[in-house]
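As structure tokens, the structure follows; a few thoughts come after it.
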2 protein chains.
Amino acid sequence: MNASPPWDAYAAECPTRMVLDRIADKWTVLVLGLLSEHPWRFNALLRTIEGLSQKVLSQTLKRLERDGLVSRTAFATVPVTVEYAITPLGATLASSLGALIDWSERNIESVQAAQRAFDARQPHPGRAA
Amino acid sequence: MNASPPWDAYAAECPTRMVLDRIADKWTVLVLGLLSEHPWRFNALLRTIEGLSQKVLSQTLKRLERDGLVSRTAFATVPVTVEYAITPLGATLASSLGALIDWSERNIESVQAAQRAFDARQPHPGRAA
DNA sequence: CAGCATCCTTGTCGATACTG
DNA sequence: CAGTATCGACAAGGATGCTG
């Protein structure tokens with residue numbers, strides 16, 4: 001409807017901040033990265049995203065569902081089966097988040113090299129005598 | 001050098017995680033969003049990114065500098081002038097991060113609508129009697 | 001101007017145990 | 001299987017005061 005929305009992520013009170021805070025999150029990026037491929041079950045996500053605790057996955061999924069980025073479908077099997085899938089809205093974000101994963105994997109070595117160079121220049125106190 | 005690197009952000013011990021954790025950060029996104037336009041001074045960043053404290057800005061910039069995404073240049077004026085600029089490496093990331101800001105500003109209304117719908121379905125205890 | 005050092009509050013997260 | 005509830009450890013973050 002409007003070409004340039006009144007929203008400004010640099011304004012403190014802007015609700016955009018809340019959204020940015022949620023999507024610019026490590027776990028969100030990884031979860032949506034998987035869900036953009038196909039629907040996943042809760043425990044499958046938990047096993048695939050190493051280091052992610054079940055509590056945090058639960059919170060993350062609930063927030064993503066509330067924000068309309070992910071849908072949750074429960075099947076009345078025994079035991080119950082729950083499937084998480086990305087929504088159309090979430091799909092519009094997935095490629096941008098996927099770019100972050102790609103960038104990390106492709107540039108990790110450059111970053112590590114920069115860190116070594118920086119640490120060599122700036123030996124911080126507490127390390128080495 | 002290698003088309004498909006061995007790095008996997010879904011592995012717990014992968015250093016990619018560290019990088020992802022840093023770039024998937026609200027403040028990093030906002031800071032790099034500004035620096036991608038032109039170099040900025042410390043206090044200018046502080047004033048422009050509302051709600052960002054000086055301590056956190058300082059930490060964020062230092063990490064970005066260490067990771068090779070941002071350069072810091074001090075001019076021996078009185079008082080001292082410091083300029084932060086994006087590096088070539090950082091520039092390769094800036095567009096992806098900028099996409100997150102754009103997405104937030106363009107889809108905030110959809111997200112808010114989803115939240116209202118969700119909250120109407122799932123009235124959580126503690127609110128309303 | 002461009003920070004650093006400190007205190008202290010708050011939220012986040014992992015571990016554990018239990019439920020439908 | 002798919003979670004919820006609770007506890008405790010920890011770290012991020014705000015506020016304040018000081019320095020080159």
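Chain naming here is simple, since letters A, B, ... match the order of the sequence lines and numbering starts at 1 in each. This is a predicted model, so every value here is computed, not measured.
Checking side-chain atoms of Asp25(B) against main-chain N and O of Thr28(B) turns up a donor-acceptor pair under 3.5 Å. No donor-acceptor pair closer than 3.5 Å links the side chain of Thr81(B) to the backbone N or O of Phe75(B). Between the side chain of Tyr84(B) and the main chain of Leu35(B), no donor-acceptor pair closer than 3.5 Å is present. At distances below 3.5 Å, not a single donor-acceptor pair connects side-chain atoms of Ser36(B) with backbone N or O atoms of Ala94(B). A donor-acceptor contact shorter than 3.5 Å is absent between the side chain of Ser96(A) and the backbone of Leu100(B).
Across the protein-nucleic acid pair, Glu83(A) atom CD and dA2(D) atom P stand 10 Å apart, rounded to whole Å. Per the geometry, CG belonging to Leu45(A) stands 12 Å off C1' belonging to dA2(D), to the nearest Å. Between the CG atom of Asn43(A) and the C1' atom of dC1(D) there is a distance of 6 Å, rounded to whole Å. When the P atom of dA2(D) is taken as reference, atom CD of Glu65(A) falls 15 Å away, rounded to whole Å.
Residues Trp103(A) and Thr92(B) bring a donor and an acceptor atom of their side chains to less than 3.5 Å of each other.
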Between N or O atoms, less than 3.5 Å apart, protein on one side and nucleotides 11-13 of chain D on the other: list the pairs.
from	atom 1	to	atom 2	distance (Å)
dG13(D)	N7	Lys55(B)	NZ	3.0
dG13(D)	O6	Lys55(B)	NZ	3.3

Stepwise side chain to side chain contact (heavy atoms under 4.5 Å, CB included) check, Leu30(B) with Arg17(A): CA-CA 10 Å; Leu30(B) 293 173; Arg17(A) 275 286 177 81; 3.5 Å; yes

Take Gln54(B) and Phe42(B) through the test side chain to side chain contact (heavy atoms under 4.5 Å, CB included) and record every step on the way to the result. CA-CA 9 Å; Gln54(B) 166 267 354; Phe42(B) 185 89; 3.9 Å; yes

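Taking side-chain N and O atoms only, Arg72(A) has no distance below 4.0 Å to OP1 or OP2 of dA2(D). Under 4.0 angstrom from either OP1 or OP2 of dC1(D) there lies no side-chain N or O belonging to Tyr84(A).
Overall bending of the helix from dC1(C)-dG20(D) to dG20(C)-dC1(D), expressed as the angle between end axes built from five pairs apiece, is 50° (10° steps).
Nucleotides of DNA chain C with any atom under 4.0 Å from a heavy atom of chain A span, from 5' to 3', dC13(C) to dG20(C).
Backbone-only contact: Val82(A) has heavy atoms under 4.0 Å from sugar-phosphate atoms and none from a base. No engagement by Lys26(B) is indicated, since no non-hydrogen atom pair under 4.0 Å with the nucleic acid exists.
Applying the ring pair (Phe, Tyr, Trp, His ring centres under 6.0 Å) rule to Trp27(B) yields no partners; only residues at least two apart in sequence or on another chain are considered. Under the rule for a side-chain hydrogen bond (donor to acceptor under 3.5 Å, both in side chains), the partners of Gln115(A) that lie at least two apart in sequence or sit in another chain are Asp67(B). Applying the salt bridge (charged side-chain N to carboxylate O under 4.0 Å, His left out) criterion to Asp21(B), with sequence neighbours excluded, gives Lys26(A).
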